[in-house]
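In each ligand, atom 1 is the first atom listed, and ligand 1 is the first ligand listed. Just so you know, these numbers use all the heavy atoms, side chains as well, and skip hydrogens, waters and symmetry mates. Given the structure is predicted, the values throughout are model-derived calculations rather than measurements.
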Amino acid sequence: MQTETTRRGIRRELELARRRGQRIALVPTMGYLHEGHLALVDHARRQADLVVMSIFVNPLQFGPREDLARYPRDIARDTALAEQRGVDYLFVPTDVEMYEHERPAITVVANDLALPMEGHFRPGHFEGVLTVVAKLFNIVQPNVAVFGQKDFQQCVVVKRMCSDLDFPVEIVTAPTIREADGLALSSRNVYLNGTERESALQLSRALRVARECYHQGERATDALIKAAAAVLALDSAVHPQYVELVDPRTLQAPDQAGDDSVMAVAALVGKTRLIDNIIMGSTDA
Ligand code: AMP
């Protein structure tokens with residue numbers, strides 16, 4: 001595995017690869033790697049000849065009161081994990097390398113798709129995400145990029161950016177990787193203490209209860225949301241921000257839930273903000 005820290009360096013390497021006719025897959029991350037990130041590498045490997053992983057804690061996607069300064073980082077460990085998993089190029093730029101000017105004058109904005117859910121609670125978040133993803137796509141010029149279903153709304157806006165702005169990049173969504181007890185893996189899980197870790201389980205429990213109701217025939221959006229909210233309410237340490245059931249293309253609530261409807265939840269457990277989601281028609285554990 002080769003690590004590149006500059007745009008020029010990674011471009012030079014990939015230009016040669018492209019000339020050799022190699023297909024390139026990109027896995028963008030903010031590092032502090034876990035099995036969820038590494039599973040994306042496996043997906044990328046199946047799609048391409050070369051796998052590029054980027055590690056960049058993107059300041060532009062953090063709000064002023066969010067956890068940018070304390071976001072967990074361990075580049076030595078990440079480098080070892082990425083190499084073991086078969087990443088070919090690790091792209092680890094500094095803030096100045098990515099943003100010559102502290103705030104770019106030109107950014108990518110998602111309109112209606114950025115209004116609900118994460119966009120509502122994290123104003124400006126998707127502008128930061130889309131701007132950095134657009135930059136990474138222009139730097140790496142991948143044929144395919146792999147994102148995790150864990151960040152469902154992110155997958156939706158990135159796909160839509162590619163179609164609306166004609167980025168020639170295929171977006172692959174990989175399923176959420178969970179701990180054995182159901183907790184979705186997240187770099188932010190390290191913030192949780194023992195009791196918070198237990199409370200955090202309510203998110204996946206709530207989603208599974210709602211999906212169970214769906215499998216038993218419930219189709220009313222309100223009833224499914226109520227079922228999930230009732231589970232979240234069982235633990236007073238869990239402070240939900242939203243529980244929504246949406247169409248995966250429009251992010252609007254469907255009249256009737258269908259197999260592709262997605263229930264998404266965000267909650268604070270202590271100071272830690274957690275998100276999770278489930279596809280109603282899915283059957284995985
Ligand atoms: P992050 O480093 O949190 O920005 O995540 C980088 C990529 O990994 C994003 O596409 C996430 O959706 C994905 N990801 C994060 N956690 C998981 C997980 N538990 N399962 C699958 N993908 C994940």
Side-chain angles (χ1 to χ4, degrees), residues 25-47 51-63 66-68 70-75 77-79 81-82 85 87 90-93 98 117-118 122 125-137 140 142 144-162 169-192 197 200-201 203-204 207 248 262 264-266 272-279 282 284-285:
L26 172 66
V27 178
T29 80
M30 298 203 300
Y32 211 69
L33 301 180
H34 52 64
E35 187 56 31
H37 299 113
L38 298 170
L40 303 185
V41 174
D42 300 342
H43 280 267
R45 172 66 51 226
R46 287 195 284 275
Q47 305 278 335
V51 178
V52 181
M53 174 185 272
S54 59
I55 297 183
F56 179 60
V57 183
N58 175 33
L60 210 60
Q61 72 188 66
F62 286 77
E66 294 184 358
D67 57 344
L68 173 62
R70 67 177 192 129
Y71 195 82
R73 298 162 207 239
D74 188 342
I75 196 63
R77 182 171 160 274
D78 286 353
T79 303
L81 287 172
R85 201 59 165 241
V87 169
L90 196 60
F91 177 50
V92 193
M98 284 299 270
M117 307 197 292
E118 289 304 285
R122 305 186 69 187
H125 172 66
F126 288 118
E127 181 180 359
V129 168
L130 291 176
T131 301
V132 83
V133 169
K135 286 168 67 69
L136 289 168
F137 284 1
V140 172
V144 49
V146 188
F147 290 83
Q149 171 74 20
K150 162 81 180 1
D151 296 274
F152 158 67
Q153 192 173 7
Q154 171 169 282
C155 293
V156 175
V157 297
V158 167
K159 274 187 196 148
R160 193 56 191 262
M161 175 181 81
C162 288
V169 183
E170 183 193 337
I171 304 301
V172 169
T173 303
T176 301
I177 303 294
R178 300 175 179 282
E179 303 278 9
D181 60 9
L183 181 68
L185 296 192
S186 165
S187 307
R188 290 190 167 98
N189 290 350
V190 294
Y191 299 150
L192 301 168
R197 168 70 181 69
L201 276 180
L203 277 78
S204 54
L207 294 171
V262 174
V265 29
T272 307
R273 187 173 183 281
L274 300 173
I275 59 171
D276 200 353
N277 68 86
I278 204 165
I279 303 170
S282 65
D284 52 302

Ligand 1 atoms in contact with H34 (distance to a heavy atom under 4.0 Å) = 15 (C), 16 (N), 17 (C)
Side chain, backbone, both or neither: V27 near ligand 1, heavy atoms under 4.0 Å = neither
Kindly identify the option in G148, G31, P28 whose heavy atom sits closest to atom 6 (C) of ligand 1.
-> P28
Any sub-3.5 Å donor-acceptor pair from N277's side-chain atoms to V265's backbone N or O?
-> no
Table please: side-chain donor-acceptor pairs of residues 26-34 below 3.5 Å, with sequence neighbours left out.
unit_1: T29; atom_1: OG1; unit_2: G31; atom_2: N; d: 3.0
unit_1: T29; atom_1: OG1; unit_2: S54; atom_2: O; d: 2.9
unit_1: H34; atom_1: ND1; unit_2: G36; atom_2: N; d: 2.9

Would you say the side-chain atoms of D42 pair up with the backbone N or O of R85, donor to acceptor, closer than 3.5 Å?
-> no
Kindly give the heavy-atom pair with the smallest separation between R197 and L192, and that separation in Å.
-> N-CB, 4.0 Å
Spacing of R70 atom CZ and R188 atom CZ [to the nearest 0.5 Å] | 9.0 Å
Sub-4.0 Å atoms of ligand 1 with respect to non-hydrogen atoms of L185 | 16 (N), 17 (C), 18 (C), 19 (N)
closest protein heavy atom to atom 20 (N) of ligand 1 is I177 N, 2.8 Å
Identity and distance of the protein heavy atom lying nearest atom 11 (C) of ligand 1 = D151 OD2, 3.0 Å
Which atoms of ligand 1 sit under 4.0 Å from any heavy atom of T29?
-> 2 (O), 6 (C)
To atom 13 (C) of ligand 1, the nearest of L40, V158, V129 on a heavy-atom basis is L40
Could you tell me whether M30 and ligand 1 have an N or O pair separated by under 3.5 Å?
-> yes
Give a yes or no answer on whether the side chain of D151 reaches the backbone of Q154 with a donor-acceptor pair at less than 3.5 Å.
-> no
Nearest atoms (heavy-atom pairs only) where P175 meets Q149 = CA-CB, 4.2 Å
Numbering the atoms of ligand 1 from 1, which are under 4.0 Å from a heavy atom of F147?
-> 10 (O)
Any Lys/Arg nitrogen of D67 or R273 sitting under 4.0 Å from an Asp/Glu carboxylate oxygen of the other?
-> no
Protein contact to atom 21 (C) of ligand 1 [nearest heavy atom, distance to 0.1 Å] = P175 O, 3.5 Å
Atom pair CG (N58) and OG1 (T131), whose distance is rounded to the nearest 0.5 Å | 8.0 Å
Per-residue contact class, A39 against ligand 1 - non-hydrogen pairs under 4.0 Å | neither
Answer yes or no for C155: is there a heavy-atom contact with ligand 1 below 4.0 Å?
-> no
Where is the nearest protein heavy atom to atom 5 (O) of ligand 1: which residue, which atom, and how far?
-> H37 NE2, 3.5 Å
Within reach of ligand 1, part of K150 (heavy-atom separation under 4.0 Å) | side chain
If you round to the nearest 0.5 Å, how far is CG of L274 from CG of N189?
-> 6.0 Å
